[in-house]
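Below is one structure, written out as structure tokens; comments come after it.
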Amino acid sequence: MTRRDLLQQHQNKLNKRYKQLVEQAYNLHQTDHEASDVFAYKAIKILDKLNRLSYLARDVSQTAS
């Protein structure tokens, strides 16, 4: 497996987790504000990781070209 494939696989995993956390935050925003904020914070942290991985994947694809 190439580095690019590994980065893509990790991005997919994080993206799935990000969507789950956003959905949980949304579902709780009316009933449990504290839990909703926790899920939203975790989602933001994962989004930051996704953005970093996008940058790395871009670097990998540019060097491969």
Side-chain angles (χ1 to χ4, degrees):
M1 208 173 232
T2 66
R3 181 177 175 174
R4 185 176 182 181
D5 293 336
L6 289 173
L7 286 172
Q8 185 66 37
Q9 186 179 33
H10 193 59
Q11 276 181 316
N12 291 339
K13 179 182 167 187
L14 287 175
N15 197 20
K16 182 178 178 181
R17 181 67 179 141
Y18 170 75
K19 288 180 182 180
Q20 289 173 344
L21 289 170
V22 169
E23 184 178 352
Q24 287 175 329
Y26 177 77
N27 289 339
L28 290 172
H29 82 279
Q30 290 291 326
T31 57
D32 190 353
H33 297 287
E34 185 177 330
S36 175
D37 290 346
V38 169
F39 286 125
Y41 176 75
K42 289 179 181 181
I44 290 170
K45 297 290 280 185
I46 289 178
L47 185 60
D48 183 49
K49 288 180 184 180
L50 280 167
N51 288 334
R52 290 179 191 192
L53 279 176
S54 294
Y55 181 77
L56 287 175
R58 189 190 74 193
D59 277 352
V60 169
S61 66
Q62 285 179 354
T63 57
S65 298

- Do you know the tightest heavy-atom contact between Leu14 and Ile46? O-CG2, 3.4 Å
- Roughly how far, to the nearest 0.5 Å, is the CD atom of Gln9 from the CZ atom of Arg4? 14.5 Å
- Query: Which heavy-atom pair separates Tyr18 from Ala43 by the least distance, and what is that distance?
  - Reply: CD1-O, 3.2 Å
- Task: Quick one: pull up CD in Gln30 and CG in Leu28 and give me the separation to the nearest 0.5 Å.
- Result: 10.5 Å
- One should read off an interatomic distance between Arg52 CZ and Leu56 CG, to the nearest 0.5 angstrom, of 9.5 Å
- Query: Heavy-atom distance under 4.5 Å between the side chains of Gln8 and Asn12, does that happen here?
  - Reply: yes
- Task: State yes or no: do Leu7 and Leu50 share one hydrophobic cluster built from I, L, V, M, F, W and Y residues joined by side-chain heavy-atom distances below 4.5 Å, directly or via other members?
- Result: yes
- Message: If we count only N and O atoms by modelled type, under 3.5 Å, do the side chains of Asp5 and Thr2 hold a donor and an acceptor together?
- Response: yes
- Query: Rounded to the nearest 0.5 Å, how far does NZ of Lys45 lie from CZ of Arg17?
  - Reply: 14.5 Å
- Between CZ of Phe39 and CD of Gln20, what distance do you get to the nearest 0.5 Å? 10.5 Å
- Note on the structure: Value for CG (Leu21) from OG (Ser36), rounded to nearest 0.5 Å, stands at 11.0 Å
